[in-house]
Peer 1: 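One structure follows; several queries about it will come next.
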Amino acid sequence: MAISGTALVLFLILHMIGNLKIFFGAEAFDHYAHWLREIGAPLLPYSGFLWIQRVGLLIALGLHIWSAAVLTIRARKARPVKYAHRKPVQGSYAARTMRWGGVIVFFFVVYHILDLTTRTFNPVADTAQANAAVVQGFAPERWYVTAFYVLAVVTLGFHLRHGIWSGLQTLGVSNARRERVLKGTAFAVAFVTCAGFLAVPFAVLTGLVK
């Protein structure tokens, strides 16, 4: 789970940085989207790199979900009989809602692909017009899309904060001396990633991006 989670976190950070390209103008953002499809050419076919990336992400996501299921089953087998009385366990909101947070993020990813990748739900069908698709996708009249996006990104933030911290523990990076620094690092990565993703829809709503 820690290794697959690391791959997904790295992708999210790179994806967030790429999204911020939209603040450099429509032409720059459309050029960036086109460039992604030409990576590896002529060795790879058009969009070949993106398909390799998608397959890799699908494998990482599948392994992450599978790991979560295995760990849940192991935990239940370890104590098949529930506690008669269980004291409340101290922990963050993120830690207590990791599973439901993962479910929300999963369904959002499915919608996000249908909206901005396949353009099934997006008003702009032309895949060459990346900037227009984002602007139309987060248009004020489609407020429900933005609301769902914000919910998913905030949920992702909680998931990242706890997931990064747990992953560092699993990989043996954490210890008593580094605990505070690593917790701060996990929070900072989650906060910056969420802020980067949320900047785009809010920029569209305020007219900063057109």
Side-chain angles (χ1 to χ4, degrees), residues 1-20 52-113 116-117 147-202:
M1 175 166 275
I3 294 173
S4 60
T6 300
L8 293 171
V9 169
L10 290 175
F11 166 76
L12 283 170
I13 293 173
L14 292 175
H15 185 39
M16 180 270 293
I17 294 173
N19 283 359
L20 297 179
I52 293 174
Q53 183 186 74
R54 289 163 184 163
V55 172
L57 286 171
L58 186 62
I59 292 173
L61 182 61
L63 289 173
H64 204 63
I65 295 173
W66 175 78
S67 299
V70 169
L71 291 174
T72 300
I73 293 172
R74 286 180 181 177
R76 289 177 178 175
K77 285 184 177 180
R79 175 165 285 280
V81 180
K82 294 183 178 181
Y83 289 101
H85 175 69
R86 185 175 182 176
K87 295 181 180 180
V89 178
Q90 290 185 348
S92 66
Y93 174 80
R96 296 193 299 270
T97 59
M98 281 294 283
R99 292 170 190 164
W100 284 112
V103 171
I104 292 173
V105 172
F106 173 78
F107 281 113
F108 169 74
V109 168
V110 173
Y111 177 84
H112 194 55
I113 291 173
L116 291 174
T117 302
F148 185 31
Y149 187 89
V150 172
L151 171 64
V153 170
V154 172
T155 302
L156 175 65
F158 283 115
H159 201 84
L160 282 175
R161 179 193 171 198
H162 182 72
I164 292 172
W165 166 241
S166 297
L168 292 173
Q169 289 182 304
T170 301
L171 296 174
V173 178
S174 177
N175 58 37
R177 183 168 53 86
R178 302 174 186 162
E179 182 175 350
R180 180 174 297 181
V181 173
L182 293 178
K183 280 186 175 181
T185 301
F187 174 81
V189 172
F191 179 82
V192 171
T193 303
C194 288
F197 277 117
L198 291 176
V200 176
F202 287 134

Peer 1: Measure the spacing between OG1 of T155 and CZ of F106 and express it to the nearest 0.5 Å.
Peer 2: 15.5 Å

Peer 1: Could you walk me through whether T170 and M1 pass the side chain to side chain contact (heavy atoms under 4.5 Å, CB included) check?
Peer 2: CA-CA 9 Å; T170 301; M1 175 166 275; over 6 Å; no

Peer 1: Could you measure the distance from the OH atom of Y111 to the OH atom of Y149? Nearest 0.5 Å is fine.
Peer 2: 12.5 Å

Peer 1: When rounded to the nearest 0.5 angstrom, what distance separates OG in S67 from CD1 in I3?
Peer 2: 9.0 Å

Peer 1: Working note: W165 + E179, criterion side chain to side chain contact (heavy atoms under 4.5 Å, CB included); need CA distance, chi angles, decisive distance, verdict.
Peer 2: CA-CA 9 Å; W165 166 241; E179 182 175 350; 3.4 Å; yes

Peer 1: Should we say atom CZ of F187 is surrounded by more than 12 heavy atoms from elsewhere, each under 6.0 Å from it?
Peer 2: no

Peer 1: Test of understanding: with ring pair (Phe, Tyr, Trp, His ring centres under 6.0 Å), list the residues that count as partners of F11, not counting sequence neighbours.
Peer 2: H15

Peer 1: Does the side chain of R54 come within less than 4.5 Å of T117's, by heavy atoms?
Peer 2: yes

Peer 1: Decide yes or no on side chain to side chain contact (heavy atoms under 4.5 Å, CB included) for K77 and I73, but give the supporting numbers first.
Peer 2: CA-CA 6 Å; K77 285 184 177 180; I73 293 172; 3.8 Å; yes

Peer 1: Can you see which heavy atom on G157 is nearest to which on A190, and at what distance?
Peer 2: O-CB, 3.5 Å

Peer 1: How far does CG of L57 sit from CG of L61, to the nearest 0.5 angstrom?
Peer 2: 8.5 Å

Peer 1: Out of curiosity, F197 CZ to L20 CG, how far, rounded to the nearest 0.5 Å?
Peer 2: 8.5 Å

Peer 1: With rounding to the nearest 0.5 angstrom, report the CG to OG1 distance, L12 to T193.
Peer 2: 7.0 Å

Peer 1: Measure the acute angle between the ring planes of H159 and H64, then classify it against the limits of 30° and 60° as parallel, tilted or perpendicular.
Peer 2: perpendicular

Peer 1: Check the pair M16 / V192 against side chain to side chain contact (heavy atoms under 4.5 Å, CB included), numbers first and verdict last.
Peer 2: CA-CA 9 Å; M16 180 270 293; V192 171; 4.3 Å; yes

Peer 1: More than 12 heavy atoms of other residues, nucleotides or ligands under 6.0 Å from CD1 of I17: is that the case?
Peer 2: yes

